[in-house]
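Notes to accompany the following structure.
Positions are given from 1 along the sequence. None of the values given here were measured: they were computed from a predicted structure. Each ligand, and each atom within it, is numbered from 1 in the order the structure gives.
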Amino acid sequence: MSQEGRGKFITIEGVEGVGKSTQLAAIQRLLESRGIDYHLTREPGGTQISESIRELILSLSDEDVDANCELLLIFAARAQHIAQVIEPRLAAGQWVLCDRFTDATYAYQGGGRQLGVERIAELEAMVQGELRPDITVLLDLEPQIGLARAAQRGALDRIESEQADFFTRVRDTYLALAQQHAERFLVIDASAELVDVEQELLARLTDKLGFTDNE
Ligand code: Z5A
């Protein structure tokens with residue numbers, strides 16, 4: 001199918017508390033200032049079924065959650081999200097801005113849970129076909145700093161309650177993905193002051209999108 005007229009698919013990633021929600025608001029303002037019609041969504045989630053699966057994935061339970069169960073739930077939520085929301089909107093020319101996508105699965109389940117890349121790549125091919133983000137913003141931060149910020153917000157969820165080395169593997173996997181897919185990744189140092197992170201992000205994104213000053 002021709003890519004002509006298709007919307008752009010932009011994702012944002014990083015360890016917990018890295019500032020995704022905060023920086024997503026800045027990206028929204030950029031798109032709005034350019035008159036771009038976009039849809040904001042998140043993973044796991046984005047549809048009624050996928051949000052229910054999100055609750056299952058993140059809630060603390062007395063039962064140990066099997067890593068393959070977690071992985072399959074994430075891709076089940078993603079399948080519904082793509083079919084119902086992402087693909088139809090992109091096809092209709094709307095842009096989609098998504099808080100996390102499959103890079104998070106490579107980082108958390110592949111790296112954090114050490115499931116490796118192969119089975120994730122198989123599920124990615126099955127559920128997504130050719131669909132990949134056009135641009136991925138990776139907010140990079142020492143996991144300890146992000147977790148401390150997340151802890152200030154209140155009780156930690158099931159994944160946030162993992163040990164420090166889990167998050168070190170998550171971060172390392174994100175950085176490896178960014179090297180492997182350098183054409184679509186923008187890696188932003190998220191340890192700076194909020195305003196400085198925002199400024200760098202917007203400058204790099206504006207450039208990547210080919211926006212000019214008089215647009
Ligand atoms: N997950 C997975 O395992 N596999 C998958 O495939 C997918 C997801 C898709 C939910 O994600 C969980 O799902 C996540 C991975 C897993 N793990 N957990 N738990 P989520 O994205 O919904 O949850 P999150 O990672 O915890 O994101 P968050 O809560 O939305 O955090 P954030 O958006 O990155 O941070 P924030 O709310 O913008 O900022 C946090 C605080 O820090 C806030 O008070 C800010 O004011 C402050 N902040 C932000 N930036 C700065 C700077 N630069 N300086 C100082 N303070 C700052």
Electrostatic pair [X]:[Y] at N-O distance under 4.0 angstrom:
X: Arg171; Y: Glu142; result: yes
X: Lys208; Y: Glu183; result: no
X: Lys8; Y: Asp134; result: no
X: Arg6; Y: Glu87; result: yes
X: Glu198; Y: Arg29; result: yes
X: Arg132; Y: Glu124; result: yes

Return the residue, atom name and 0.1 Å-rounded distance of the protein heavy atom closest to [atom].
atom: atom 6 (O) of ligand 1; result: Thr105 OG1, 2.6 Å
atom: atom 35 (O) of ligand 1; result: Gly19 N, 3.2 Å
atom: atom 26 (O) of ligand 1; result: Glu160 OE2, 3.1 Å
atom: atom 31 (O) of ligand 1; result: Arg153 NH1, 3.1 Å
atom: atom 27 (O) of ligand 1; result: Lys20 NZ, 3.3 Å

Between Thr22 and ligand 1, which part of the residue brings a heavy atom under 4.0 Å of the ligand: side chain, backbone, both or neither?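 Thr22 to ligand 1: contacts from backbone and side chain alike.
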
[X] to ligand 1: N or O pair under 3.5 Å?
X: Gly14; answer: no
X: Glu193; answer: no
X: Ser21; answer: yes

Looking at CG of Leu30 and OG1 of Thr206, how far apart are the two atoms once the value is rounded to the nearest 0.5 Å?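 So the CG of Leu30 and the OG1 of Thr206 are separated by 4.5 Å.
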
For ligand 1, which atoms, with element, lie under 4.0 Å from some heavy atom of [X]?
X: Arg54; value: 10 (C), 20 (P), 22 (O)
X: Ile159; value: 3 (O), 16 (C), 17 (N), 18 (N), 19 (N)
X: Ala190; value: 53 (N)
X: Glu43; value: 9 (C)
X: Gln109; value: 2 (C), 3 (O), 4 (N), 5 (C), 6 (O)

Going by salt bridge (charged side-chain N to carboxylate O under 4.0 Å, His left out), name the residues that satisfy it together with Arg158, two or more places apart in sequence or in a different chain.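 Testing Arg158 for salt bridge (charged side-chain N to carboxylate O under 4.0 Å, His left out), a comparison that skips the adjacent residues, returns Glu70.
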
Counting heavy atoms only, name the option from [options] that's nearest to [atom].
atom: atom 20 (P) of ligand 1; options: Glu16, Arg100, Glu162; value: Arg100
atom: atom 13 (O) of ligand 1; options: Val18, Leu58, Val195; value: Leu58
atom: atom 47 (C) of ligand 1; options: Arg149, Arg113, Arg78; value: Arg149
atom: atom 7 (C) of ligand 1; options: Ala192, Ala148, Ala104; value: Ala104

Would you list the pairs meeting ring-ring contact (aromatic ring centres under 6.0 Å, His included) in which at least one residue belongs to residues 96-143, sequence neighbours left out?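 Every ring-ring contact (aromatic ring centres under 6.0 Å, His included) pair that includes a residue of residues 96-143, provided the two are not neighbours, is Phe9-Phe101.
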
Is the shortest distance from a heavy atom of Pro44 to ligand 1 less than 4.0 Å?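 Yes, Pro44 has heavy atoms under 4.0 Å from ligand 1.
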
Within the structure, is a non-hydrogen atom of Arg158 found at a distance of less than 4.0 Å from ligand 1?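 Distance cut 4.0 Å: Arg158 fails for ligand 1.
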
Are side-chain N/O atoms of Tyr38 and Gln94 paired as donor and acceptor at under 3.5 Å?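 Tyr38 vs Gln94: no donor-acceptor pair found between side chains.
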
Do the side-chain N and O atoms of Gln128 and Thr102 include a donor-acceptor pair separated by under 3.5 angstrom?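 There is such a pair (donor and acceptor under 3.5 Å, judged by atom type) between the side chains of Gln128 and Thr102.
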
Are Thr41 and Leu97 close enough that some pair of their side-chain heavy atoms sits under 4.5 Å apart?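 Heavy-atom side-chain distance check fails, nothing below 4.5 Å.
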
Can you find a protein heavy atom closer to atom 43 (C) of ligand 1 than 4.0 Å?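 No, no protein heavy atom sits under 4.0 Å from atom 43 (C) of ligand 1.
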
Start with the C-alpha distance between Leu40 and Gln28, add both sets of side-chain angles, then the distance that settles side chain to side chain contact (heavy atoms under 4.5 Å, CB included), and finish with yes or no. CA-CA 8 Å; Leu40 176 66; Gln28 285 179 265; 3.6 Å; yes

